[in-house]
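Working notes, beginning with the structure itself.
Every chain is numbered from 1, with letters handed out A, B, ... down the list of sequences. Since the structure is predicted, the reported quantities are computational estimates derived from the model, not experimental observations.
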Protein chains: 2
Amino acid sequence: MIDPTGPVPPYRQLAKILRERIRAGELPPGTRIVESDLTEEFEVARNTARRALAVLRDDGLIFTVPTRGSYVGKPPK
Amino acid sequence: MIDPTGPVPPYRQLAKILRERIRAGELPPGTRIVESDLTEEFEVARNTARRALAVLRDDGLIFTVPTRGSYVGKPPK
DNA sequence: TCTCATTTGTTCGTATGTATC
DNA sequence: AGATACATACGAACAAATGAG
């Protein structure tokens, strides 16, 4: 899935994949996303998975709860 | 005991120390090993102690019982 | 039965060192 | 030089299960 040799850095590739899954409804609001799951599924380092999630967070697509995980959707006010 | 500056990561150093103690009979079968004891004795983080125990578990030298601790020896079938 | 302490399991936050491009 | 990646580490917080009393 992730091509470490391409011009696009892995963390952005991963962010894109997740963004598309969210848009497609494959990851509906409320879905929990765990960093360690991403490292396994996409074979990237935790840092890389975190950076990808940071992108989605900046996009407002997910929110993260320390010690719990990240969730698809808008952060509860 | 543990040298955090060396080329060998602390979790492997700790795994080695424990492995040797087991082999030497200093930690006979049935001996209970608690993560928090390791963090104190070797001054490592709990996660580091856990990683060391994971190594020993993979080696089949110990088994772990959730909420109870790890024990030297083969897991009860 | 209930409550409490203990202990492992899980997970994020953050930092560092090394390597690669 | 800078951005990126991986491995590792420490810290913190919370969940869940067990066992003692």
Side-chain angles (χ1 to χ4, degrees), chain A residues 1-19 22 27 29-77, chain B residues 1-19 22 27 29-77:
Chain A
M1 286 264 201
I2 305 287
D3 174 19
T5 70
V8 180
Y11 82 93
R12 270 192 246 160
Q13 294 181 47
L14 179 50
K16 186 178 183 225
I17 291 171
L18 295 175
R19 200 183 299 113
I22 291 172
L27 297 173
T31 302
R32 184 173 177 231
I33 300 176
V34 173
E35 291 172 3
S36 60
D37 289 345
L38 297 179
T39 69
E40 290 184 18
E41 178 174 357
F42 298 97
E43 297 183 296
V44 294
R46 189 185 156 209
N47 285 341
T48 303
R50 279 181 63 71
R51 292 192 69 168
L53 291 179
V55 171
L56 300 186
R57 204 178 304 122
D58 290 344
D59 288 349
L61 292 175
I62 66 170
F63 62 96
T64 302
V65 183
T67 83
R68 295 298 315 158
S70 295
Y71 298 86
V72 177
K74 286 186 294 187
K77 184 187 64 64
Chain B
M1 290 262 200
I2 306 287
D3 175 18
T5 70
V8 180
Y11 82 92
R12 270 191 249 158
Q13 294 181 45
L14 178 52
K16 187 179 182 223
I17 291 171
L18 294 175
R19 201 182 297 114
I22 292 172
L27 296 173
T31 301
R32 183 172 178 232
I33 299 176
V34 173
E35 291 171 3
S36 59
D37 289 344
L38 298 180
T39 69
E40 290 183 18
E41 178 174 357
F42 298 98
E43 297 183 297
V44 293
R46 191 184 151 211
N47 282 339
T48 303
R50 282 177 64 73
R51 285 192 78 166
L53 291 179
V55 171
L56 299 186
R57 205 178 305 122
D58 288 345
D59 288 349
L61 293 175
I62 66 170
F63 61 94
T64 301
V65 182
T67 85
R68 297 288 355 176
S70 294
Y71 299 86
V72 177
K74 287 185 295 189
K77 184 184 65 62

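Proximity of B:Pro76 to B:Phe63: side-chain heavy atoms (C-beta onward) are separated by under 4.5 Å at one or more points. When side chains are defined from C-beta on, B:Leu14 does not count as touching B:Val55, because their heavy atoms never get closer than 4.5 Å.
Side chain of B:Arg32 to backbone of B:Arg68: a donor-acceptor contact under 3.5 angstrom is found.
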For nucleotides 7-17 of chain D, read 5' to 3', which letter fits each nucleotide if B means a protein heavy atom sits under 4.0 Å from the base, S means only the sugar-phosphate is that close, and - means neither?
BSBBB-BS--B
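One interatomic measurement links the two molecules: CG of A:Leu14 to C1' of D:dT4, which rounds to 14 Å at whole-angstrom precision. If you take CZ of A:Arg50 and P of C:dT14, they are 7 Å apart, rounded to a whole angstrom. The distance between atom CG of B:Leu53 and atom P of C:dT7, rounded to the nearest whole Å, is 14 Å. Rounded to an integer number of Å, the gap from B:Leu38 CG to C:dT6 C1' is 15 Å. Remark: P of C:dG13 and CD of A:Glu35 are 6 Å apart, rounded to the nearest angstrom. Here D:dT18 presents its P atom at 13 Å from OH of B:Tyr71, a figure rounded to the nearest Å.
The nearest pair of heavy atoms linking A:Ala49 to A:Leu38 is CB-CB, 3.9 Å. Of all heavy-atom pairs between A:Val72 and A:Ile62, the closest is CA-CG2, 4.1 Å. When every heavy atom of A:Gln13 is checked against every heavy atom of A:Met1, the shortest pair comes out as OE1-O, 4.1 Å.
At the heavy-atom level, B:Ile2 lies nowhere under 4.0 Å from the strands shown.
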